[in-house]
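One structure below.
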Amino acid sequence: MLSFLLRNEQRMLDVFRKEGKSMDRRIVRSRQMIMQAFIGLLGEQEFERVTIQGIADRANVNRGTIYLHFTDKYDLLEQSVETYLMMLADSCMPEDGPTNELSRDLLIRAFTYLKKHAEIYGVLITNKGIPTFRHRMTQMIEANITLVVNQMKLETGIHKDVLAQFLSVSITGLIEWWVVQSMPYTPEEMVEQMARILEARLQLW
């Protein structure tokens, strides 16, 4: 657990730096513990039943500490979604920075990160009471897919915006299925299956 906290603490610091924000490690650690306590409770009960006091008890902090960082539980949800999305995106980026190429290596890193942090992302992706994360993840994937699709030479009659939407929703749905099914295939197998499906260009009608 300690190593997990330290790894995520450093990743959160990196995310804040990329956003141009400066934040003390103690503040990052406190926010991280609150977010993880919050998500842990979301895995056990509906969002509407989660209370600030319950989060404080789980995180072993007082209510005042939570209010130092978040306005209320809705703000906590919003910031948790944004933070863990940024951490997911940051985890699969190449070392030399963002790219317009959708490589297998990038997808494998994304699936691997989801698997490594399944307890957190499993709740965020599958909790029906908080569709925000799934929606934002789809938007993030679509934005990156659009960059790739816009550089592709497509067959006549294929609209790039339709293809980008189709691929982003398909990838999000596949990720959700993989998580719900307790990740029956390795990240490498999932990406290989995706590549085979895309390369096969199945004729369904």
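Start at 1 with the first residue, then count along the sequence.
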Evaluate ring pair (Phe, Tyr, Trp, His ring centres under 6.0 Å) for Phe47 paired with Tyr74, printing each intermediate quantity in order.
CA-CA 9 Å; Phe47 173 72; Tyr74 297 95; 5.2 Å; yes
Please assess Met33 against Val61 for the test side chain to side chain contact (heavy atoms under 4.5 Å, CB included), listing each intermediate value before the final yes or no.
CA-CA 9 Å; Met33 292 182 67; Val61 299; 5.8 Å; no
For Glu176 and Thr172: C-alpha separation, side-chain torsions, deciding distance, then whether side chain to side chain contact (heavy atoms under 4.5 Å, CB included) applies.
CA-CA 6 Å; Glu176 182 177 14; Thr172 302; 5.6 Å; no
Please assess Phe38 against Gln79 for the test side chain to side chain contact (heavy atoms under 4.5 Å, CB included), listing each intermediate value before the final yes or no.
CA-CA 11 Å; Phe38 172 57; Gln79 292 198 45; over 6 Å; no
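Under the rule for a ring pair (Phe, Tyr, Trp, His ring centres under 6.0 Å), Phe70 has no partner lying at least two apart in sequence or in another chain. With sequence neighbours excluded, the residues forming a side chain to side chain contact (heavy atoms under 4.5 Å, CB included) with Phe166 are Ser170, listed by chain and number. Taking the side chain to side chain donor-acceptor pair (under 3.5 Å) definition, one finds that Arg136 meets it with Glu78, Glu82, sequence neighbours left out. In this structure, the side chain to side chain donor-acceptor pair (under 3.5 Å) partners of Asp105, at least two apart in sequence or on a different chain, are Arg109. By the side chain to side chain contact (heavy atoms under 4.5 Å, CB included) test, Asp57 pairs with Gln53, sequence neighbours left out. Under the side chain to side chain contact (heavy atoms under 4.5 Å, CB included) criterion, Gln165 pairs with Glu142, Ser168, Val169, sequence neighbours left out. The side chain to side chain donor-acceptor pair (under 3.5 Å) test applied to Asn62 returns Thr65, not counting sequence neighbours. With sequence neighbours left out, the side chain to side chain donor-acceptor pair (under 3.5 Å) criterion links Glu44 to Arg58.
At least one side-chain heavy atom of Ile125 sits under 4.5 Å from a side-chain heavy atom of Leu114. Contact annotation: the side chain of Ile175 approaches that of Met137 to within less than 4.5 Å [non-hydrogen atoms, C-beta and beyond]. Residues Met35 and Tyr84 have side chains in contact (heavy-atom distance under 4.5 Å, counting atoms from C-beta outward). Residues Leu124 and Ile120 form a side-chain contact, since some pair of their non-hydrogen atoms from C-beta on lies under 4.5 Å apart. Put simply, the side chain of Lys73 reaches to within 4.5 Å of the side chain of Glu48, judged on heavy atoms. Here the side chains of Glu119 and Val123 are not in contact, with every heavy-atom distance at 4.5 Å or above. You'll find the side chain of Asn144 stays beyond 4.5 Å of the side chain of Leu106, heavy atoms only.
In this structure, the separation between OG on Ser91 and NE2 on His117 is 7.5 Å, given to the nearest 0.5 Å. Rounding to the nearest 0.5 angstrom, the gap separating the CG atom in Leu41 from the OG1 atom in Thr51 is 7.5 Å. Atoms OG1 and CG, from Thr83 and Leu88 in turn, are 12.5 Å apart once rounded to the nearest 0.5 Å. The distance from the CG atom of Leu85 to the CZ atom of Phe133 is 4.0 Å, given to the nearest 0.5 Å. Going from atom NZ of Lys153 over to atom NZ of Lys160 covers 10.0 Å, rounded to the nearest 0.5 Å. Rounded to the nearest 0.5 angstrom, Lys115 NZ and Trp178 CH2 are separated by 6.5 Å.
Tyr121 and Val180 fall into different hydrophobic clusters, defined by Ile, Leu, Val, Met, Phe, Trp and Tyr side-chain heavy atoms under 4.5 Å apart, directly or through other members. There is a path of hydrophobic side-chain contacts, each under 4.5 Å, that joins Trp177 to Ile141.
Annotation: Arg63, atom CZ; neighbour count of heavy atoms from other residues, nucleotides and ligands within 6.0 Å is above 12.
Between the side chain of Thr138 and the backbone N or O of Arg134, at least one donor-acceptor pair lies under 3.5 Å.
Taking every heavy atom of both residues into account, Ala59 and Ile34 meet most closely at CB-CA, 4.2 Å. When all heavy atoms of Ala37 and Ile55 are compared, the pair lying nearest together is CB-O, 3.9 Å. Shown here for Leu42 and Asn127, the closest heavy-atom pair between the two residues is O-ND2, 2.8 Å.
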Return a table of donor-acceptor pairs under 3.5 angstrom between the side chains of residues 182-190 and protein atoms on other chains or two or more places apart.
unit_1: Thr186; atom_1: OG1; unit_2: Glu189; atom_2: N; d: 3.0
unit_1: Thr186; atom_1: OG1; unit_2: Glu189; atom_2: OE1; d: 3.4
unit_1: Glu189; atom_1: OE1; unit_2: Thr186; atom_2: N; d: 2.9

